[in-house]
Amino acid sequence: MPTVARHVRVAGRVQGVFFRAWTRDEARQLGVHGWVRNCDDGSVEAHVEGEDDSVERLLTLMRDGPAHAKVETFETEEAEPAGYREFEVRH
């Protein structure tokens with residue numbers, strides 16, 4: 001099955017609520033690869049890639065985030081797959 005990739009930016013109450021660790025755990029369960037990191041402006045940015053259904057499922061989950069998050073804006077755009085073999089939290 002072909003690999004798809006998306007670049008994601010999430011804003012709201014998304015830092016300090018374990019959004020990155022939660023995203024990593026959800027991605028690994030779904031077999032999605034890439035990375036997630038905090039941005040200086042308080043948002044969270046991610047690159048996610050994998051099978052279309054798995055990527056779409058992760059994006060759906062990220063629109064709500066973990067229990068203590070409050071997602072106010074969610075932006076996604078198509079990206080080129082980079083061939084990641086795991087999902088990591090970047091610092």
Exercise for the section: List the atom of V10, the atom of F74, and the distance in Å for their closest heavy-atom pair. Expected result: CG2-CD1, 3.6 Å
Exercise for the section: Could you tell me whether the side chain of T60 and the main chain of E56 form a donor-acceptor pair under 3.5 Å? Expected result: yes
Fill in the blank from the handout: In this structure, CG of D53 is separated from CG of L30 (nearest 0.5 Å) by 10.5 Å
Exercise for the section: Start with the C-alpha distance between D64 and V71, add both sets of side-chain angles, then the distance that settles side-chain contact (heavy atoms from CB on, under 4.5 Å), and finish with yes or no. Expected result: CA-CA 6 Å; D64 291 325; V71 174; 5.9 Å; no
Problem - Gap separating the CD atom of E51 from the NE2 atom of H33, nearest 0.5 angstrom - result: 10.0 Å
Practice task
For V36 and E45, run side-chain contact (heavy atoms from CB on, under 4.5 Å): C-alpha distance rounded to whole Å, both residues' side-chain angles, the deciding distance at 0.1 Å, then the answer.
Solution key: CA-CA 6 Å; V36 63; E45 178 181 33; over 6 Å; no
Problem - Rounded distance [0.5 Å steps], OG1 in T23 versus CZ in R28 - result: 11.5 Å
Exercise for the section: Identify the two heavy atoms, one from E49 and one from V55, that lie closest to each other, and give their separation to 0.1 Å. Expected result: C-CG2, 3.7 Å
Problem - Pairwise side-chain contact, F87 with D25, heavy-atom cut-off 4.5 Å (strictly under) - result: no
Problem - Shortest non-hydrogen contact between V17 and H68, atoms and distance - result: CG1-O, 3.5 Å
Handout entry: Hphob cluster co-occupancy, L59 + V4, side-chain heavy atoms under 4.5 angstrom
Key = yes
Problem - Heavy-atom pair of closest approach, residues E80 and H47 - result: O-CE1, 3.5 Å
Practice task
Salt-bridge test for E88 and R90: reply yes if a basic N is under 4.0 Å from a carboxylate O, no otherwise.
Solution key: yes
Practice task
Please examine the side chains of R24 and V32, heavy atoms only from C-beta on, and report whether any two atoms are closer than 4.5 Å.
Solution key: no
Exercise for the section: Report the distance from atom OG of S54 to atom CD of Q29, rounding to the nearest 0.5 Å. Expected result: 11.5 Å
Practice task
Give a yes or no on whether Y84 and V89 share a hydrophobic cluster (residues Ile, Leu, Val, Met, Phe, Trp, Tyr; joining criterion: side-chain heavy atoms under 4.5 Å apart).
Solution key: no
Exercise for the section: Scan E77, M62, E75 and name whichever one has a side-chain contact (heavy atoms from CB on, under 4.5 Å) with V8. Expected result: M62
Exercise for the section: Mark yes or no for whether Q15, through its side chain, and S43, through its backbone, hold a donor-acceptor pair below 3.5 Å. Expected result: yes
Handout entry: Within 6.0 Å of CZ in R57, more than 12 heavy atoms from elsewhere
Key = no
Handout entry: Contact summary for G65 and F19, nearest pair of heavy atoms
Key = CA-CE1, 3.6 Å
Problem - Donor-acceptor side-chain pairing of R6 and T76 below 3.5 angstrom - result: no
Practice task
For T3 and P81, work out which heavy atoms get closest and say how close.
Solution key: O-CG, 3.7 Å
